[in-house]
Amino acid sequence: MSNVTSPTGADERETHQALRVRFERDAIPLLDQLYAGALRMTRNPADAEDLVQETFAKAFRSFAQFQEGTNLKAWLYRIMTNTYINVYRKTQRGPIVSPTEEIEDWQVHQGSTQLNQELESAETQALALLPNPVITEAFANLPEDFRNAVYLADVEGFSYKEIADISGVPVGTVMSRLHRGRKALRTSLADYAREHGFIKAGSS
Amino acid sequence: MLYIFHDNDELPCSREAILLHLTECSPCQQQFTAQDSLRSAIGQALAGDCAPVELRSKLLATITEIEIEVTAEYRDPQ
């Protein structure tokens with residue numbers, strides 16, 4: 001809330017110094033996590049670096065507007081997501097998800113017998129043992145909107161509302177993307193697992 | 001349903017109802033545990049990329065530049 005028409009420039013400089021101290025104390029430590037997120041978004045270390053630099057520069061310029069006590073990481077992610085969409089999305093690779101994402105998607109009930117459930121649980125446990133490079137590869141091949149939603153939920157632990165704010169979409173869309181993204185990831189991992197003998201072929 | 005419960009987000013029924021069910025229903029319990037394992041595995045596989053060392057110093061340099069630029073405006077408003 002800097003007031004440019006203040007009579008003493010010295011006051012404003014001091015306020016800005018305080019702002020900088022607070023930014024270094026609170027925002028800079030989030031660098032590694034924001035970088036990791038940028039890397040998942042851009043899938044390219046050089047672009048990730050550029051994205052992070054732009055994000056932090058923008059964040060610092062508008063840091064006076066950030067409400068202390070609210071979720072700083074979510075705020076930074078929102079700036080980063082907007083920056084990414086405006087700057088990098090023009091040259092994106094990979095499938096784009098159509099905007100017709102209905103909330104009913106996640107509500108589809110899969111009726112399952114007890115046996116199916118037990119088989120599914122065993123399979124899910126097996127997938128958890130797949131090597132990291134396999135998981136990261138499967139994740140990187142997800143459609144972009146699904147990928148970002150799953151990352152924000154399962155790596156960063158943001159709530160649906162926070163993800164909705166960060167991505168600029170309704171909560172219902174977030175839930176739909178999460179459901180479909182997790183399902184697609186699971187299917188992709190299960191295919192790999194079957195092909196490489198981690199689980200028996202012929203299971204659901 | 002289990003995923004939303006795990007996500008700690010708003011549920012169509014009470015958390016207690018689900019917790020109670022989980023303590024009584026072994027297949028659902030297994031499913032919950034399995035999903036938890038998979039989610040942890042995904043989280044760990046994807047997290048932990050450290051920013052390159054120079055990036056931090058570049059950022060601090062950028063912030064210094066911005067600070068100089070902004071405080072200069074206070075001295076000589078354009």
Side-chain angles (χ1 to χ4, degrees), chain A residues 2 4-6 9-10 12-13 16-17 19-20 23-24 28 31-36 39-40 45 48-49 52-53 56-57 60-61 106 114 117-118 120-125 127-136 139 150-151 153-157 159-161 175 178-179 182 185-186 189, chain B residues 1-13 21-22 24-78:
Chain A
S2 46
V4 194
T5 58
S6 157
E12 299 304 330
R13 278 200 297 280
H16 211 269
Q17 269 170 22
L19 215 58
R20 171 175 182 156
F23 192 79
E24 271 194 59
I28 297 288
L31 170 58
D32 284 338
Q33 288 166 79
L34 269 289
Y35 176 77
L39 198 53
R40 297 302 160 196
E49 269 202 54
V52 167
Q53 289 217 63
F56 274 80
F60 184 55
R61 283 185 191 282
W106 72 270
Q114 177 160 332
Q117 238 180 332
E118 282 169 358
E120 200 191 310
S121 300
E123 185 179 286
T124 306
Q125 283 285 12
L127 298 182
L129 298 174
L130 286 172
N132 281 359
V134 172
I135 295 179
T136 24
F139 178 81
V150 171
Y151 188 83
D154 289 346
V155 181
E156 291 289 15
S159 71
Y160 296 162
K161 174 85 176 49
M175 292 171 90
L178 273 179
H179 176 77
R182 283 163 173 162
L185 184 57
R186 199 184 180 289
L189 290 176
Chain B
M1 177 74 91
L2 279 178
Y3 252 110
I4 305 175
F5 173 71
H6 198 293
D7 284 338
N8 226 16
D9 241 281
E10 279 174 33
L11 293 159
C13 57
H21 176 78
L22 281 180
E24 294 169 348
C25 172
S26 168
C28 283
Q29 223 180 79
Q30 281 175 30
Q31 196 161 34
F32 182 78
T33 308
Q35 280 182 15
D36 197 48
S37 301
L38 182 55
R39 174 194 289 239
S40 291
I42 292 172
Q44 275 170 36
L46 298 178
D49 275 298
C50 276
V53 175
E54 326 80 55
L55 183 54
R56 196 193 141 95
S57 33
K58 276 190 218 172
L59 273 186
L60 290 173
T62 304
I63 288 173
T64 304
E65 278 171 32
I66 295 175
E67 201 191 356
I68 291 172
E69 180 193 313
V70 170
T71 52
E73 277 170 20
Y74 291 137
R75 269 201 307 278
D76 318 300
Q78 299 295 311

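This is a predicted model, so every value here is computed, not measured. Order of the sequence lines fixes the chain letters, A, B, ..., with proteins taken first and strands second; residue numbering starts at 1 for each chain.
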Contacting region of [X] [heavy-atom separation from chain B under 4.5 Å]:
X	result
Leu185(A)	side chain
Leu189(A)	side chain
Leu127(A)	both
Glu156(A)	neither

Heavy-atom distance under 4.5 Å between the side chains of [X] and [Y], does that happen here?
X	Y	result
Leu129(A)	Gln125(A)	no
Gln35(B)	Arg186(A)	no
Ile135(A)	Gln44(B)	no

Among Val70(B), Ile63(B), Leu59(B), which has the most heavy-atom pairs under 4.5 Å with chain A?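 The option with the most such pairs is Ile63(B).
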[X] side chain to [Y] backbone, donor-acceptor under 3.5 Å:
X	Y	value
Gln29(B)	Leu22(B)	yes
Arg20(A)	Glu67(B)	no
Asp32(A)	Cys50(B)	no

Given the options [options], which has more heavy-atom pairs under 4.5 Å with chain B than any of the others?
options	answer
Phe139(A), Phe56(A), Phe60(A)	Phe60(A)
Thr124(A), Val52(A), Leu130(A)	Thr124(A)
Val150(A), Val134(A), Asn132(A)	Asn132(A)

Using heavy-atom distances under 4.5 Å, tell me whether [X] contacts chain A through its side chain, its backbone, both, or neither.
X	value
Thr64(B)	both
Thr62(B)	side chain
Ser26(B)	neither
Glu65(B)	neither

